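Predicted model only: the values in this text are computed from it and were never measured.
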Amino acid sequence: MNNEFDADVLVIGGGPAGISAAVALRRKGIKRVIIIEREPEAGGIPRHCGHPPFGMREFGRILSGPEYARRLVQLAREHQIEIMTNTTVINVEPNATLLVSNHEGLRRLTGLRVIMATGVRESPRSALLVSGDRPTGVLNTGALQSWVYLRGLLPFKRPLIVGTELVSLSALLTCRKAGIKPVAMVEANQRPTARRPMMLLPRLLGVPLHYNCEIARIDGMKRVESVLIRQEGKEREIACDGVLFTGRFIPDSALIRGSHLQLDPSSGGPEIDQFGRCSDPSYYATGNMLRALETAGWSFREGNRVGEMVASDLAGERKSSQEYVQLVVADKQIKWIVPQRIVATEKDRGMDNLQLRALQSAQGELQLIQNGRVIWSKEMKLLPERRILIPLQQIPLTDSFSKISISLKNN
């Protein structure tokens, strides 16, 4: 490595994707890799999830979130990866340069490449447009897990849980472990976001589950006292001492906004090609900052793949190309697509699949269209927040430049 650089590769974020990418780089012979982590400890969101299952595919055993996070940090140390904790990246600059802040003050770190793996965050209550009072006891899942696992405190005893995503079930397990007894779970749609068999959990724990139901108002003086719910045109009040909003994650892409990197408005994350490479080719991205939300295991495997591709880039095995096919979401039923660009000359390398998500339940023929011609199609039933994969090798590009639009032709 040239001595003028602080590292060969700088990795922003010490969660499953970031640590996995860093380990892959070291295994491929990259000498100096630095992980920059804003929290006091690395490990990512799993640090706050005091329940299983984590780590079966990565470590061959079922672990709790904190155990999994510790194994990730141990893995990084075994590969002699430097982790800078309590360090915040203030700005990303051209040519793999970062402005960071920690107890030593402001400084710039430079590398040959940067991998961004900052993960996701939950939408605040204000973004959910819920009316009513603003009493104590209204939290999201991350705040609940911080209260319970990091501080050993109970923010409420009888909350109402909003949402039926996987993280909603994680919140339910957190409540159970802490002795918190939710009064109900509510879901605005007519079916759960998580797979139906998983929704046996709230029933087994004696938590009533209401579909086609939304919160009309939160009431309370010093703390939550009740919630007015609206279900199929009828309103009723449920007594509770807290409201737990779960899910509705968005990529933690604050660093991208206002930077020189291209942001994808559909996914909310950086725009990438099939190698995880951003609009500035010295930057790569991986994990949940690309889209919300995948599991820790998926993020770990994706981070590993991107780490390998960055190592290949540094070894001179791939040239930077400005010639690519743009992928465009052309249907309001489709939420986003990742990656957003394909380097056509290297379609057989990089990620194996395009990944999509739907905004609503729908059924029909999913189509990729280039130059007015359907180049790929498949009959599908789309469900909100379910992973949809299209193998890149199945897409016969008619040319190497024209945009590809993605749409659903309803039956």
Side chains of residues 83-90: which donor-acceptor pairs under 3.5 Å do they make with residues two or more places apart or in other chains?
residue : atom : partner : partner atom : Å
Thr87   : OG1  : Thr85   : O            : 2.9
Thr87   : OG1  : Asn102  : ND2          : 3.4

- prompt: Given Tyr324 and Asp273, is the side chain to side chain contact (heavy atoms under 4.5 Å, CB included) satisfied, shown in steps?
  reply: CA-CA 8 Å; Tyr324 58 82; Asp273 63 16; 6.0 Å; no

field: Positive for side chain to side chain contact (heavy atoms under 4.5 Å, CB included) with Val33, one of Leu10, Val23, Leu25
entry: Leu25

field: Among Val243, Leu139, Val224, side chain to side chain contact (heavy atoms under 4.5 Å, CB included) partner for Phe156
entry: Leu139

- prompt: Does the pair Val120 and Ile45 meet the rule for a side chain to side chain contact (heavy atoms under 4.5 Å, CB included), with working shown?
  reply: CA-CA 9 Å; Val120 295; Ile45 289 178; 4.1 Å; yes

- prompt: Does the side chain of Glu187 pick up a donor-acceptor pair with the side chain of Asn189 at under 3.5 Å?
  reply: yes

field: Minimum heavy-atom distance between Met198 and Leu166, given as atom pair plus value
entry: SD-CD2, 3.2 Å

field: Sub-4.5 Å side-chain heavy-atom contact between Met199 and Leu169
entry: yes

message: Just by distance, no angles: are the side chains of Ser405 and Gln367 close enough, under 3.5 Å, to form a donor-acceptor pair?
response: no

field: Asn410 side chain vs Gly364 backbone, donor-acceptor pair below 3.5 Å
entry: no

task: Without swapping roles, check the side chain of Ser168 against the backbone of Gly163 for a donor-acceptor pair under 3.5 Å.
output: yes

message: Looking at Arg38, I'd like to know if its CZ atom is crowded, meaning that more than 12 non-hydrogen atoms belonging to other residues, nucleotides or ligands lie closer than 6.0 Å.
response: no

query: Atom CG of Leu354 and atom CG of Leu327: how far apart are they, to the nearest 0.5 Å?
result: 5.5 Å

- prompt: Do Tyr211 and Met185 have side-chain heavy atoms sitting under 4.5 Å apart?
  reply: no

field: Contact summary for Ile19 and Val73, nearest pair of heavy atoms
entry: CD1-N, 4.2 Å

message: So for atom CD, which belongs to Glu235, do other residues, nucleotides or ligands contribute more than 12 heavy atoms lying within a distance under 6.0 Å?
response: yes

NZ on Lys177 to SG on Cys175, rounded to 0.5 Å: 13.0 Å

- request: Working to the nearest 0.5 Å, report the span between OG of Ser361 and CD of Gln333.
  value: 10.5 Å

- prompt: Which heavy atom of Met351 sits nearest a heavy atom of Pro339, and at what distance?
  reply: SD-CD, 4.2 Å

- request: Can you measure from OG (Ser146) to CZ (Arg151) and round to the nearest 0.5 angstrom?
  value: 4.5 Å

task: Any chance you could measure Thr118, atom OG1, to Met289, atom CE, to the nearest 0.5 Å?
output: 3.5 Å

task: Could you tell me whether Asp313 and Arg113 have a side-chain N and a carboxylate O separated by less than 4.0 Å?
output: yes

- request: Could you tell me the separation between the CZ atom of Arg248 and the CZ atom of Phe245, rounded to the nearest 0.5 Å?
  value: 8.5 Å

- prompt: Does Glu39 offer a backbone N or O that forms a donor-acceptor pair with the side chain of Glu37 under 3.5 Å?
  reply: yes

Pairwise side-chain contact, Pro270 with Leu261, heavy-atom cut-off 4.5 Å (strictly under): no

message: Using side-chain heavy atoms (C-beta onward) and a distance below 4.5 Å, is Val325 in contact with Lys403?
response: no

Expected output: side-chain Thr164 to main-chain Thr193 donor-acceptor under 3.5 Å: yes

query: Salt-bridged, Glu302 to Arg305, with N to O below 4.0 Å?
result: no

query: Do the charged groups of Arg341 and Asp264 touch, with an N to O distance under 4.0 Å?
result: no

message: Taking NZ in Lys347 as the centre, count heavy atoms belonging to other residues, nucleotides or ligands within less than 6.0 Å. Is the count above 12?
response: yes

field: Donor-acceptor contact below 3.5 Å, side chain Ser253 vs main chain Ile256
entry: no

task: Apply side-chain hydrogen bond (donor to acceptor under 3.5 Å, both in side chains) to the pair Thr97 and Asn95, showing each step before the final yes or no.
output: CA-CA 6 Å; Thr97 301; Asn95 302 315; over 6 Å; no

Where Ala96 and Ser282 come nearest, the two heavy atoms and their spacing: N-OG, 3.1 Å

query: Going by heavy atoms in the side chains, are Gln340 and Ile272 under 4.5 Å from each other?
result: yes

Closest non-hydrogen atom pair, Ala311 against Ile30: CB-CG1, 4.1 Å

message: Do Gln274 and Val343 have side chains that approach each other closer than 4.5 Å (heavy atoms only, starting at C-beta)?
response: yes

query: Does Ile215 reach the side chain of Val162, with side-chain heavy atoms less than 4.5 Å apart?
result: yes

field: Gln355 vs Asn353, side-chain hydrogen bond (donor to acceptor under 3.5 Å, both in side chains): CA-CA, chis, key distance, verdict
entry: CA-CA 6 Å; Gln355 186 183 27; Asn353 302 289; over 6 Å; no

query: Are side-chain heavy atoms of Ser312 and Arg349 found at a separation under 4.5 Å?
result: yes

- line: Correct closest heavy-atom pair for Ile35 and Gly13 would be CG2-O, 3.8 Å

- prompt: Passes salt bridge (charged side-chain N to carboxylate O under 4.0 Å, His left out), Asp6 versus Arg107? Steps please.
  reply: CA-CA 11 Å; Asp6 296 289; Arg107 61 174 292 196; 3.6 Å; yes

- request: Spell out, as yes or no, whether a donor-acceptor pair under 3.5 Å connects the side chain of Arg26 to the backbone of Ala22.
  value: no

Any side-chain donor near an acceptor of the partner, Asp280 and Gln262, under 3.5 Å: no

task: Evaluate the criterion side chain to side chain contact (heavy atoms under 4.5 Å, CB included) for residue pair Leu368 and Val374; output intermediate values, then yes/no.
output: CA-CA 6 Å; Leu368 302 186; Val374 177; over 6 Å; no

task: Test side chain to side chain contact (heavy atoms under 4.5 Å, CB included) on Arg195 and Arg386 and set out the steps.
output: CA-CA 9 Å; Arg195 298 186 182 277; Arg386 298 290 175 83; 3.5 Å; yes

Under 3.5 Å, side-chain donor or acceptor atoms of residues 61-70 against the rest of the protein: list the pairs with distances, not counting sequence neighbours.
residue : atom : partner : partner atom : Å
Ser64   : OG   : Glu67   : N            : 3.3
Ser64   : OG   : Glu67   : OE1          : 3.2
Glu67   : OE1  : Ser64   : N            : 2.9
Tyr68   : OH   : Glu58   : OE2          : 2.5

- prompt: Does a side-chain N-to-carboxylate-O contact under 4.0 Å join Glu294 and Arg387?
  reply: yes

message: Would the distance check show the side chain of Ser20 and the main-chain N or O of Phe300 forming a donor-acceptor pair, the cut-off being under 3.5 Å?
response: yes

Less than 3.5 Å apart, which donor and acceptor atoms pair up between the side chains of residues 378-385 and the rest of the protein, not counting sequence neighbours?
residue : atom : partner : partner atom : Å
Glu379  : OE1  : Asn411  : ND2          : 3.4
Glu385  : OE1  : Arg357  : NH1          : 3.4
Glu385  : OE2  : Lys335  : NZ           : 2.7

query: Is the CZ atom of Arg57 crowded by more than 12 outside heavy atoms at less than 6.0 Å?
result: no

